[in-house]
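So the structure is just underneath, and the comments pick up after that.
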Amino acid sequence: MSRRPQRIVCLTTETVEVLYALGEQDRIAGISGYTVRPPQARKEKPKVYAFTTGDIDKILAVQPDLVLTFSDLQADIARDLIKAGVPVYAFNMRSVEDILGMVETLGRLVGAEARAAELVGALEAQIDQTRAIAAERFARTGHRPRVYFEEWDEPNITAVRWVSEMIAIAGGENIFPERAALPLARDRILADPLEVVGRDPEIIIGSWCGKHFRPEHIAARPGWADVSAVRSGRMHEIKSAIILTPGPVAISEGLPQLLAIFDL
């Protein structure tokens, strides 16, 4: 009899995405209500929790033998599940390497190491291809665009580490690289939005979780009218479900969007 988990609850969307990609979706016994990838998961799997809130009894009702959580944001539910006798594996992806490592780890947990290696290999190939295109552009233009990535607008929160890394892979320069190394969103809040004006980004990318990016709101901010990106209209949106999800989708769909945005 297999000792590998047979009834897995995934409390974030990226582990659902990976298990489906590995062909191991039959092991999923429950998902978060915020799961978006793949779309069929929302139809096929019971929603047993939100993201940081919900009823632990709904999770326990599906009799999981493993629950997958993410970061300190789910520390409380992880603690409660452990107290209830449920095994928990807490991921904490913060970088591109962490995302690839999560795929490999999840592959080992379910005995799908070979398929996980194939998936990681495909993602690494896409990263290498993106780097090559970016290098060709730099050789041709001698320029890397200055990029301000905004994760949230009220307050202004700058790019998380994996996004900053992907900006660099795609040929741009994050104007707040020092903040990207800080793991908590509260540490990436700009106390003074005019810091952006001083660093004068040529491109602004918004990814406001749960609401549409509004370029006109960016342009109307006091003092921002002379920012290069505002003057040129180079203000773009990448959906948070793509680039702020620390799973394969950030690489497979996020990188191509960044590459397209940076094409001068």
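Side chains included, hydrogens not; waters and symmetry mates left out as well; all remaining heavy atoms used. Sequential numbering from 1 along the given sequence is applied to the chain's residues. Because the structure is predicted, anything quoted here is derived from the model rather than measured.
- Within the structure, the side chain to side chain donor-acceptor pair (under 3.5 Å) test picks out no pair touching residues 48-62 (sequence neighbours left out).
- A 4.5 Å side-chain heavy-atom check between Val163 and Leu258 finds every atom pair outside the cut-off.
- Under the salt bridge (Lys or Arg N to Asp or Glu O under 4.0 Å) criterion, the residue pairs touching residues 96-116 are Glu24-Arg115, with sequence neighbours excluded.
- Screening residues 116-139 for side chain to side chain donor-acceptor pair (under 3.5 Å), with sequence neighbours left out, gives Glu136-Arg140.
- Closest approach of Pro64 to Val9, counting heavy atoms only: CB-CG2, 3.7 Å.
- Under the 3.5 Å distance criterion, the side-chain polar atoms of Asp200 are matched with a main-chain donor or acceptor of Ser228.
- Contact record, Ile261 with Arg234: O-NH2, 2.7 Å, taken as the closest heavy-atom pair.
- Distance check: Met235 CE to Ile218 CD1 gives 7.5 Å after rounding to the nearest 0.5 Å.
- Between Pro38 and Gln25 there is no side-chain heavy-atom pair separated by less than 4.5 Å.
- Residue Val18 is grouped with residue Leu244 when hydrophobic side chains (ILVMFWY) are merged at heavy-atom distances under 4.5 angstrom, including chains of intermediate members.
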Kindly determine whether Asn156 and Val196 satisfy side-chain contact (heavy atoms from CB on, under 4.5 Å), including the steps that lead there. CA-CA 10 Å; Asn156 309 117; Val196 175; over 6 Å; no
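- A chain of hydrophobic side-chain contacts below 4.5 Å, direct or via other Ile, Leu, Val, Met, Phe, Trp or Tyr residues, connects Val110 to Leu66.
- You'll find the side chain of Gln257 stays beyond 4.5 Å of the side chain of Ile243, heavy atoms only.
- A distance of 12.5 Å separates OG of Ser32 from CZ of Phe70, quoted to the nearest 0.5 Å.
- Here the straight-line distance linking atom CZ of Arg27 with atom CZ of Arg7 works out to 12.5 Å at 0.5 Å rounding.
- Between Leu19 atom CG and Leu106 atom CG the span is 4.5 Å, to the nearest 0.5 Å.
- Ring pair Phe51/Tyr34 is perpendicular by interplanar angle, where above 60° counts as perpendicular and below 30° as parallel.
- Taking all atoms of both residues into account, the shortest heavy-atom contact from Pro248 to Ile99 is N-CG2, 4.2 Å.
- For the 3.5 Å distance criterion, the side chains of Glu202 and His143 qualify, holding a donor opposite an acceptor.
- Both Leu68 and Val120 belong to a single network of hydrophobic side chains, linked directly or stepwise wherever heavy atoms of I, L, V, M, F, W or Y lie under 4.5 Å apart.
- Rounded to the nearest 0.5 angstrom, Ile157 CD1 and Phe149 CZ are separated by 11.0 Å.
- Checked by atom type and distance alone, the side chain of Glu154 never pairs as donor or acceptor with a backbone atom of Trp152 at under 3.5 Å.
- Hydrophobic clustering, with ILVMFWY side chains joined whenever heavy atoms are under 4.5 angstrom apart, groups Ile28 together with Val103.
- For Ala241 against Val36, the heavy-atom pair with the smallest separation is CB-CG2, 4.0 Å.
- The two residues Trp224 and Pro193 have their closest heavy-atom pair at CZ2-O, 3.4 Å.
- Note: Ile8 CD1 to Ile31 CD1 = 13.5 Å, rounded to the nearest 0.5 Å.
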Show every donor-acceptor pair shorter than 3.5 Å between a side-chain atom in residues 76-92 and any protein atom, with sequence neighbours excluded, or say none if there are none.
from, atom 1, to, atom 2, distance (Å)
Asn92, OD1, Arg94, NE, 3.3
Asn92, OD1, Arg94, NH2, 3.2

Could you go through residues 203-215 and list every donor-acceptor pair under 3.5 Å that involves a side-chain atom there, pairing it with any protein atom two or more places apart or in another chain?
from, atom 1, to, atom 2, distance (Å)
Ser207, OG, Ile238, O, 2.8
Ser207, OG, Ser240, N, 3.2
Trp208, NE1, Glu150, OE2, 3.0
Lys211, NZ, Asp153, OD1, 2.9
Lys211, NZ, Asp153, OD2, 3.3
His212, ND1, Lys239, NZ, 3.2
Arg214, NE, Glu216, OE2, 2.5
Arg214, NH2, Glu216, OE2, 2.6

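- Among all heavy-atom pairs drawn from Thr15 and Met102, the shortest one is CG2-SD, 4.3 Å.
- With Arg42 contributing its side chain and Thr35 its backbone, the two residues share a donor-acceptor pair below 3.5 Å.
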Run the side-chain donor-acceptor check on residues 165-182: report pairs under 3.5 Å with partners two or more places apart or on a different chain.
from, atom 1, to, atom 2, distance (Å)
Glu165, OE1, Val96, N, 2.8
Glu165, OE2, Arg161, NE, 2.9
Asn174, OD1, Phe176, N, 3.0
Asn174, ND2, Ser164, OG, 3.0
Asn174, ND2, Phe176, O, 3.2
Glu178, OE1, Arg199, NH1, 3.4
Glu178, OE2, Arg199, NH1, 3.0
Glu178, OE2, Arg199, NH2, 3.1
Arg179, NH1, Ile189, O, 3.2
Arg179, NH2, Glu195, OE2, 3.3

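- Taken together through direct or relayed side-chain contacts under 4.5 Å among Ile, Leu, Val, Met, Phe, Trp and Tyr, Leu184 and Leu73 form parts of separate hydrophobic clusters.
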